[in-house]
Number of protein chains: 2
Amino acid sequence: MPRAGLDREAVVREAVDAVDELGADGLTLALLASRLGVKAPSLYKHVEGLDHLRASVGVASKRELATHLERATVGHAGADAIRALADAYRAWAKDHPGRYPMTVVAPAADDAADVAESERLYRVVAGALRALRLEEDAEVDAIRALRACLHGFIGLETAGGFGLPDDVNRSYALLVDDAIASLERRAANAATPAG
Amino acid sequence: MPRAGLDREAVVREAVDAVDELGADGLTLALLASRLGVKAPSLYKHVEGLDHLRASVGVASKRELATHLERATVGHAGADAIRALADAYRAWAKDHPGRYPMTVVAPAADDAADVAESERLYRVVAGALRALRLEEDAEVDAIRALRACLHGFIGLETAGGFGLPDDVNRSYALLVDDAIASLERRAANAATPAG
DNA sequence: ACGATTGGCTATTGACAATAGCCAAAAGGC
DNA sequence: GCCTTTTGGCTATTGTCAATAGCCAATCGT
């Protein structure tokens with residue numbers, strides 16, 4: 001019996017590809033094993049089971065998305081940074097519809113890598129809003145608002161929630177413009193409180 | 001063998017309750033049968049299988065949500081209607097976290113009831129925006145923007161995506177205020193084109 | 001070279017969806 | 001009130017999947 005030369009990383013990488021192709025629910029150990037030229041029980045030598053494997057795919061996806069967003073926003077500031085973030089976010093989600101939903105779940109508190117990548121995602125959004133110079137609570141509200149707009153649009157789009165044929169890119173651009181304007185207005189109001 | 005007196009409606013109703021309690025993935029025919037005092041194969045006399053059953057739960061959920069939103073918005077207009085819609089939407093989602101995600105999926109084209117309830121949901125959102133008197137394309141964009149804001153916030157909230165303890169209600173209220181202001185601005189700009 | 005560790009494997013269990021086919025309970029004709 | 005038909009339960013079975021136990025060969029350390 002020759003060895004396949006697998007290790008944890010190779011298994012997770014193949015799982016990532018499988019989820020990209022088939023969606024999170026399409027990932028089964030039986031399928032994954034066959035793609036790796038191995039029988040299903042062998043995978044337990046490398047990963048702790050399907051749940052842990054899915055969690056690993058989620059962490060890998062958060063890492064990949066965070067890197068993608070960091071690269072897209074570096075060198076941009078202000079409204080420009082927010083627009084770059086919005087476009088990169090939607091592009092990654094459309095390229096990885098199976099994994100995108102995994103990037104929005106709360107990190108498992110006992111998984112340091114998960115917590116770290118989730119914080120990295122938070123920071124890249126916070127970074128795009130830096131130029132607004134918001135005070136602490138207001139920044140949390142602003143990050144939530146921006147994430148909600150982007151995530152909501154992408155979630156509806158990938159769920160097929162937009163039944164009408166009207167140009168989806170135009171709808172998104174308008175939404176992002178409005179979000180930027182609203183957040184800038186929040187910053188301006190905070191700078192000149194009550195007049 | 002006494003009969004349980006089931007019919008399709010009773011099965012779907014119990015499935016709705018099960019999804020509310022356990023989430024969409026927690027619904028199994030074995031569990032549902034045991035809750036109904038029956039063995040699993042008996043359910044096939046009333047529903048066509050798990051996929052169809054889930055679809056029925058989805059349609060029932062769209063119907064329920066649409067009714068809830070209609071009741072919440074009736075008698076309101078303008079910004080008031082949008083705020084009422086937003087609050088009712090979030091409240092229903094929080095009351096039914098297991099079923100809420102089923103309400104945002106595209107209807108199956110061959111399921112007339114699904115199409116009808118999805119259109120009803122669309123119309124209640126459109127109704128809340130009526131006072132803005134938007135032109136056709138702009139109305140589609142506006143509905144998409146509003147749905148994205150609400151759905152995105154709720155999706156992140158129920159996914160546990162908001163790790164920080166800051167007041168989530170405040171964040172939502174601010175988001176809704178911004179959305180209303182943005183949509184009103186769209187309407188005003190359309191009314192006075194380029195000047 | 002040789003012992004320990006590692007990474008495959010087969011066999012098995014248990015949950016589940018789904019189908020086939022049986023049989024009794026309700027429903028309807030007369 | 002029978003008798004037939006339809007209906008709604010059931011058991012038995014198949015096939016998929018996750019997971020565990022336990023075997024044995026390939027590789028590695030010395």
Side-chain angles (χ1 to χ4, degrees), chain A residues 1-61 98-99 101-102 105 108 110-111 114, chain B residues 1-61 98-99 101-102 105 108 110-111 114:
Chain A
M1 287 78 214
R3 297 212 173 176
L6 295 182
D7 58 8
R8 179 184 174 83
E9 202 195 314
V11 173
V12 172
R13 189 165 31 215
E14 189 69 33
V16 161
D17 291 347
V19 173
D20 268 342
E21 293 168 27
L22 307 163
D25 291 343
L27 176 66
T28 72
L29 292 180
L31 175 84
L32 189 62
S34 114
R35 287 170 64 131
L36 290 165
V38 123
K39 298 302 173 65
S42 307
L43 298 177
Y44 287 85
K45 300 285 181 174
H46 305 292
V47 294
E48 305 80 353
L50 186 59
D51 288 348
H52 282 260
L53 179 59
R54 270 200 260 259
S56 299
V57 173
V59 175
S61 301
R99 283 194 289 147
M102 295 174 158
V105 304
D110 59 350
D111 184 338
D114 198 357
Chain B
M1 284 79 213
R3 298 211 172 176
L6 295 181
D7 57 7
R8 180 186 174 84
E9 202 194 315
V11 173
V12 171
R13 190 168 29 219
E14 188 70 34
V16 161
D17 291 346
V19 172
D20 268 341
E21 294 167 26
L22 308 162
D25 292 343
L27 176 66
T28 72
L29 292 180
L31 175 84
L32 187 63
S34 114
R35 287 171 64 132
L36 290 165
V38 122
K39 297 301 172 66
S42 307
L43 298 177
Y44 287 86
K45 299 285 181 173
H46 305 292
V47 294
E48 306 79 352
L50 187 59
D51 288 349
H52 283 258
L53 179 60
R54 270 200 261 261
S56 299
V57 173
V59 175
S61 302
R99 283 194 290 147
M102 296 174 157
V105 304
D110 59 350
D111 183 338
D114 197 357

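Note that this is a predicted model, so its numbers are computed, not measured. Letters A, B, ... are given to chains in the order of the sequence lines, protein chains preceding strands, and every chain is numbered from 1. In what follows, every heavy atom counts, from backbone to side chain, and hydrogens, waters and symmetry copies are set aside.
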A.B. asks: For A:Leu6 and D:dA26, what is the distance between atoms CG and P respectively, to the nearest whole Å?
C.D. replies: 17 Å

A.B. asks: Given C:dA17, D:dG9, D:dA19, which nucleotide is nearest the side-chain atoms of B:Leu50?
C.D. replies: C:dA17

A.B. asks: Looking at B:Ser56 and B:Arg8, what are the two nearest heavy atoms and their distance?
C.D. replies: OG-NH2, 2.7 Å

A.B. asks: Can you name the closest pair of heavy atoms from B:Arg54 and B:Leu27 and give their distance?
C.D. replies: NH1-O, 3.9 Å

A.B. asks: Would the base of D:dT27 count as contacting A:Arg3 through its side chain, where contact means a donor and an acceptor less than 3.5 Å apart?
C.D. replies: no

A.B. asks: Hey, can you pull the residues of residues 19-31 of chain A with a non-hydrogen atom under 4.0 angstrom from DNA chain D?
C.D. replies: A:Thr28, A:Leu29, A:Ala30

A.B. asks: Just how far, in rounded Å, is C1' of D:dT7 from NE2 of B:His46?
C.D. replies: 9 Å

A.B. asks: Counting only heavy atoms not in A:Glu9, do more than 12 fall under 6.0 Å of its CD?
C.D. replies: no

A.B. asks: Check whether any side-chain heavy atom of B:Met102 lies under 4.5 Å from a side-chain heavy atom of B:Val19, and answer yes or no.
C.D. replies: yes

A.B. asks: State which of C:dT10, D:dG9, C:dA17 makes the closest approach to the side chain of B:Tyr44.
C.D. replies: C:dA17

A.B. asks: I need the CG-P distance between A:Leu43 and D:dT20, as an integer number of Å.
C.D. replies: 13 Å

A.B. asks: Distance check needed: C:dA18 P versus B:Asp51 CG, whole Å only.
C.D. replies: 6 Å

A.B. asks: Between C:dA17, D:dG9, D:dT20, which nucleotide gets closest to the side-chain atoms of B:Ala4?
C.D. replies: D:dG9

A.B. asks: Mind checking whether A:Leu6 and A:Glu14 have side chains closer than 4.5 Å, heavy atoms only?
C.D. replies: no

A.B. asks: Which heavy-atom pair separates B:Ala40 from B:Ala30 by the least distance, and what is that distance?
C.D. replies: CB-CA, 4.2 Å

A.B. asks: Mapping B:Lys45 and B:Glu48 onto DNA chain C by nearest heavy atom, which one lands closer to the 5' end?
C.D. replies: B:Glu48

A.B. asks: Could you give the CG-to-P distance, from A:Leu32 to D:dA19, as a whole number of Å?
C.D. replies: 12 Å

A.B. asks: Using atom CZ of B:Arg54 as one end and atom C1' of C:dA18 as the other, report the distance to the nearest whole Å.
C.D. replies: 14 Å

A.B. asks: Starting the side chain at C-beta, find the nucleotide from C:dT10, D:dT11, C:dG8 nearest to A:Pro41.
C.D. replies: C:dT10

A.B. asks: My understanding is that only one of B:Val11, B:Leu53, B:Val12, B:Leu36 makes a side-chain contact (heavy atoms from CB on, under 4.5 Å) with B:His46; could you say which?
C.D. replies: B:Val11

A.B. asks: Look at B:Ser42 and D:dC10 and indicate whether a side-chain polar atom (N or O) is within less than 4.0 Å of OP1 or OP2.
C.D. replies: yes

A.B. asks: Between C:dT10 atom P and A:Lys39 atom NZ, what is the distance in whole Å?
C.D. replies: 4 Å

